[in-house]
Amino acid sequence: KLNSLSMKVAIVGVSGAVGQEFLKVLAERQFPIDELLLFGSARSAGTEYEFRGKKYIVKELQHGDDFKGVNIAFTSAGASISKEFAADITKFGAIMIDNSSAFRMDTDVPLVVPEVNASDAKMCPRGIIANPNCSTIQVIPVLKVLDELYGLKRVIYSTYQAVAGSGQKGIDDLEANLRGEDSKGYPHKIAFNLIPHIDTFLDNGYTKEEIKMVEETRKILGLPDLKVTATCVRVPVRMGHAVSVNVELEKPFDLKEVTEAFAKKEGVIVKDDVKNNVYPMPLEAAGKDEVFVGRIRRDDSVENGLNLWVVADNIRKGAATNAVQIAEELIKREIV
C-alpha cells in the first residue's frame, strides 16, 4: 500500500548524523516520496545530497511558508530549533515527526514506538509526534512484552551509550583522544574511559538523560506510577547503545515463555546462547533496524526478578528508523 502513494516530505537538519540516516532509511524502505525538501542551518545551506539518483540542495531553515504542501516533516536539528519552527512547519497541515526532546513530555504530543503504541499517532492535535530518546526506544518493545504477560513493578536501567549519541562531535572526540588529543565536547577523555554523565546534571543528582528515560518509559507504556530509575554512561564505542535492564515483575514468570515471547515480538531479535558466546553487541547491531535482546536470566535477589541485555543501533532504530516507521503508520492509518 505504501508504494502506491506519493507525498511531499521535508527533512530538517539533514546534514547531521540522523538527517543523513533519514535519507538512507527512506530509500531502503521505499518510502513514497513525490517531492523532497531538505533544510539546514545557514552553514549547511547550499550543500548537495543525492537521494534515489537525484540531487537535492539544502535550503536554509527560515520562518515563512516553505512547508506549504508538505505532508510529513522529519526534524532533527535540536530542541531549540524544533520549538522555534514548529508553528512554521505545521501551520499548513504537515505532521512534524520530531527527533528532539522538545515536545516528548507534552500531554498533547504522542510519544511513539510503533511496535508498542502505534495507535497513539492518530492523536496529535498540534500536528506533532515525538520520537523518544534513543535508549528508551530500544528497551520499550521488550518491556511491553513483559508488561502484557506479567505486569511491571520496577525497572532499573544502566546504559552503555555510544559516542554517536552525541552527534559528530562525540565521534570526533573519541578519534581525537585516540590520537592523544583532549576532548572538545566531553568534559573528560572518552577513549579507554567511561563517563557517567550524559546531558546536564539536575539538582537531584540525576542527569537529564536519566530523567528522560524514566519519564518516557512511563508515558509510552501508559504506566504513570511505574517505579523506574536509570544511570546513563557514555562508553568508547562509535555506534550502538546497550542497556542493562533489571526488571521486577508483578507475577511469577517462566524463562522459556519470556524468551519465546520476545522472539515473537515485531522488531525484536533474541540472541541468547551463552554456551556459544552468543549475546547482543553493538558491532553486530550496527546498520540494523531491530532491537536485540540476550543475557535473559533470573534475578534471585528479588521476587519475580529478571535481567536483560538490550542492544540497538542508536542512529537507526534509536532515531531515524523509528521516525520513518511512525510515518509509515500515519499512511497505513490514513492520517496523512
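Numbers here are sequence positions counted from 1.
Using modelled atom types, one finds a donor on one side chain and an acceptor on the other under 3.5 Å when comparing Y206 with T229. Inspection of the Y150 and E257 side chains reveals an N or O donor paired with an N or O acceptor under 3.5 Å. For the 3.5 Å distance criterion, the side chains of N131 and N322 qualify, holding a donor opposite an acceptor. For Y160 and S244, the side-chain atoms include no donor-acceptor pair closer than 3.5 Å. Of the N and O atoms on the side chains of S166 and Y186, at least one donor lies less than 3.5 Å from an acceptor on the other residue. Using modelled atom types and a 3.5 Å distance limit, the side chains of T207 and E209 yield no donor-acceptor pair.
Here the shortest heavy-atom pairing between Q325 and P114 reads CB-CG, 3.6 Å. Scanning both residues, N314 and G240, for their nearest heavy atoms gives OD1-N, 2.8 Å. In terms of heavy atoms, G40 sits closest to V58 at N-CG1, 3.5 Å. Of all the heavy atoms in N99 and S76, the pair that sits closest is ND2-OG, 3.5 Å.
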- Task: Decide yes or no on side-chain contact (heavy atoms from CB on, under 4.5 Å) for K251 and L249, but give the supporting numbers first.
- Result: CA-CA 6 Å; K251 301 174 186 175; L249 300 167; 5.9 Å; no
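Of the possible polar contacts, one joining the R234 side chain to the A162 backbone as a donor-acceptor pair under 3.5 Å is found. Judged by distance alone, with hydrogens and angles left aside, the side-chain atoms of N246 form no donor-acceptor pair with the main-chain N or O of I156 at under 3.5 Å.
By the 6.0 Å contact criterion, CD on Q168 is enclosed, its count of non-hydrogen atoms from other residues, nucleotides or ligands being greater than 12. The local environment of CZ in R295 is sparse, with at most 12 non-hydrogen atoms from other residues, nucleotides or ligands closer than 6.0 Å.
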Under 3.5 Å, which donor-acceptor pairs link side chains of residues 189-200 to any protein atom two or more places apart or in another chain?
unit_1	atom_1	unit_2	atom_2	d
N193	ND2	K189	O	2.7
H197	NE2	D199	O	3.0
D199	OD2	K212	NZ	3.1

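For K55, the side chain to side chain contact (heavy atoms under 4.5 Å, CB included) test picks out E48, E50, with sequence neighbours left out.
Between K317 and E21 there is no salt bridge, since no side-chain nitrogen of the basic residue lies less than 4.0 Å from a carboxylate oxygen of the acidic one. With respect to the salt-bridge test (charged N to carboxylate O, under 4.0 angstrom), the residues R179 and E181 qualify.
Separation of the F22 and Y49 ring centroids does not fall under the 6.0 Å cut-off.
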